[in-house]
A.B. asks: 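This structure is in structure tokens; I'll ask about it shortly.
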Amino acid sequence: MRAVAKKIQLTGRERLVNYDFVMDERLGIMLPELQLDWEDYSEEDRADILLRWEEIRGTIPDRIKALERIIIVKQEQLNLEDNFAVSCRLNSEIAELASTINDLHLWFRVNQDITAGAAHH
């Protein structure tokens, strides 16, 4: 993990933050990249992180639906496919899409875990 802080501009003032959001190409969403333990962030930083994450998190169900539609198309292709090598490729692609959906479900629950953990402090 890199320990680089970046400056952000907020209503006429600058401050350093030790977090970022980076695009995960496989999942198709931005993921938090935290440089510190959650407890080490200020209340302001935690609120900023949770707000940004909630915006991203809200896109996850649509992303899952899009991947499910792709799986359905590939399953239909698989049902009609006679070539063994092509069938194996389609099966592999379906499995990878299903794995991506599973990971998206896990990330969707992250906010609930963070919020619950923060409420206990």
Side-chain angles (χ1 to χ4, degrees):
M1 207 183 285
R2 66 177 192 252
V4 177
K6 68 177 186 171
K7 289 183 181 180
I8 61 170
Q9 186 77 29
L10 292 172
T11 59
R13 63 185 171 92
E14 280 187 357
R15 68 181 176 98
L16 294 176
V17 293
N18 290 307
Y19 63 88
D20 202 0
F21 286 84
V22 294
M23 177 55 81
D24 183 293
E25 297 300 327
R26 179 176 165 268
L27 298 179
I29 61 170
M30 303 282 284
L31 294 179
E33 186 175 273
L34 305 179
Q35 306 299 323
L36 305 172
D37 289 334
W38 182 248
E39 299 78 27
D40 294 332
Y41 285 100
S42 69
E43 289 296 322
E44 183 179 16
D45 282 345
R46 287 185 199 182
D48 290 345
I49 293 166
L50 288 174
L51 177 63
R52 178 69 179 118
W53 176 245
E54 191 59 30
E55 292 169 354
I56 294 166
R57 184 176 173 265
T59 68
I60 292 175
D62 288 337
R63 177 77 178 129
I64 289 171
K65 287 176 189 168
L67 294 174
E68 288 171 339
R69 285 191 295 272
I70 294 170
I71 287 175
I72 290 168
V73 169
K74 290 186 180 294
Q75 286 174 328
E76 289 170 355
Q77 292 171 343
L78 182 61
N79 288 337
L80 301 174
E81 187 56 58
D82 291 330
N83 183 307
F84 182 73
V86 174
S87 294
C88 289
R89 180 183 53 78
L90 287 168
N91 259 325
S92 178
E93 291 171 4
I94 291 167
E96 179 57 31
L97 289 165
S99 173
T100 301
I101 288 171
N102 184 59
D103 290 348
L104 285 166
H105 280 292
L106 293 172
W107 276 106
F108 188 75
R109 288 191 292 273
V110 164
N111 188 49
Q112 296 164 341
D113 296 339
I114 290 174
T115 305
H120 291 102
H121 291 306

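The shown structure was predicted, so the numbers you read here are calculated from the model rather than taken from an experiment. All residue numbers in this chain count up from 1 along the given sequence.
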A.B. asks: Can you measure from CG (Leu97) to CD1 (Ile70) and round to the nearest 0.5 angstrom?
C.D. replies: 6.0 Å
A.B. asks: Identify whether Val110 and Ile64 are in the same connected component of the hydrophobic contact network (ILVMFWY, side-chain heavy atoms under 4.5 Å).
C.D. replies: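 Yes, Val110 connects to Ile64 through the hydrophobic network.
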A.B. asks: According to salt bridge (charged side-chain N to carboxylate O under 4.0 Å, His left out), who are the partners of Glu96, at least two apart in sequence or on a separate chain?
C.D. replies: Arg26
A.B. asks: Kindly give the heavy-atom pair with the smallest separation between Leu36 and Tyr41, and that separation in Å.
C.D. replies: N-OH, 3.1 Å
A.B. asks: Return the orientation label for the Phe21 and Tyr19 ring planes: parallel under 30°, perpendicular over 60°, tilted otherwise.
C.D. replies: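 The rings of Phe21 and Tyr19 stand perpendicular, inter-plane angle above 60°.
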A.B. asks: In Å, rounded to the nearest 0.5 Å, how long is the span from CD1 of Ile29 to CD1 of Ile60?
C.D. replies: 4.0 Å
A.B. asks: Which residue pairs pass the side-chain hydrogen bond (donor to acceptor under 3.5 Å, both in side chains) test when at least one of the two sits in residues 70-92, sequence neighbours left out?
C.D. replies: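 Sorted result for residues 70-92: Lys74-Glu93, Arg89-Glu93.
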A.B. asks: Walk me through it: do Glu54 and Arg57 pass the test salt bridge (Lys or Arg N to Asp or Glu O under 4.0 Å)?
C.D. replies: CA-CA 5 Å; Glu54 191 59 30; Arg57 184 176 173 265; 3.3 Å; yes
A.B. asks: Under a 4.5 Å cut-off applied to non-hydrogen side-chain atoms, are Ile49 and Trp38 in contact?
C.D. replies: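 They are in side-chain contact.
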A.B. asks: Do Trp53 and Met23 sit in one hydrophobic cluster, given that two such residues count as connected whenever their side-chain heavy atoms are within less than 4.5 Å of each other, even indirectly?
C.D. replies: yes
A.B. asks: Taking the side chain as everything from C-beta on, heavy atoms only, tell me whether Leu104 gets closer than 4.5 Å to Thr100.
C.D. replies: yes
A.B. asks: Is the shortest heavy-atom distance from the side chain of Asp40 to the side chain of Asn18 under 4.5 Å?
C.D. replies: no
A.B. asks: Charged N to carboxylate O below 4.0 Å: is that the case for Glu55 and Arg52?
C.D. replies: yes
A.B. asks: Going by the rule salt bridge (charged side-chain N to carboxylate O under 4.0 Å, His left out), which residues pair with Glu25 if we only count those two or more places apart in sequence or in a different chain?
C.D. replies: none
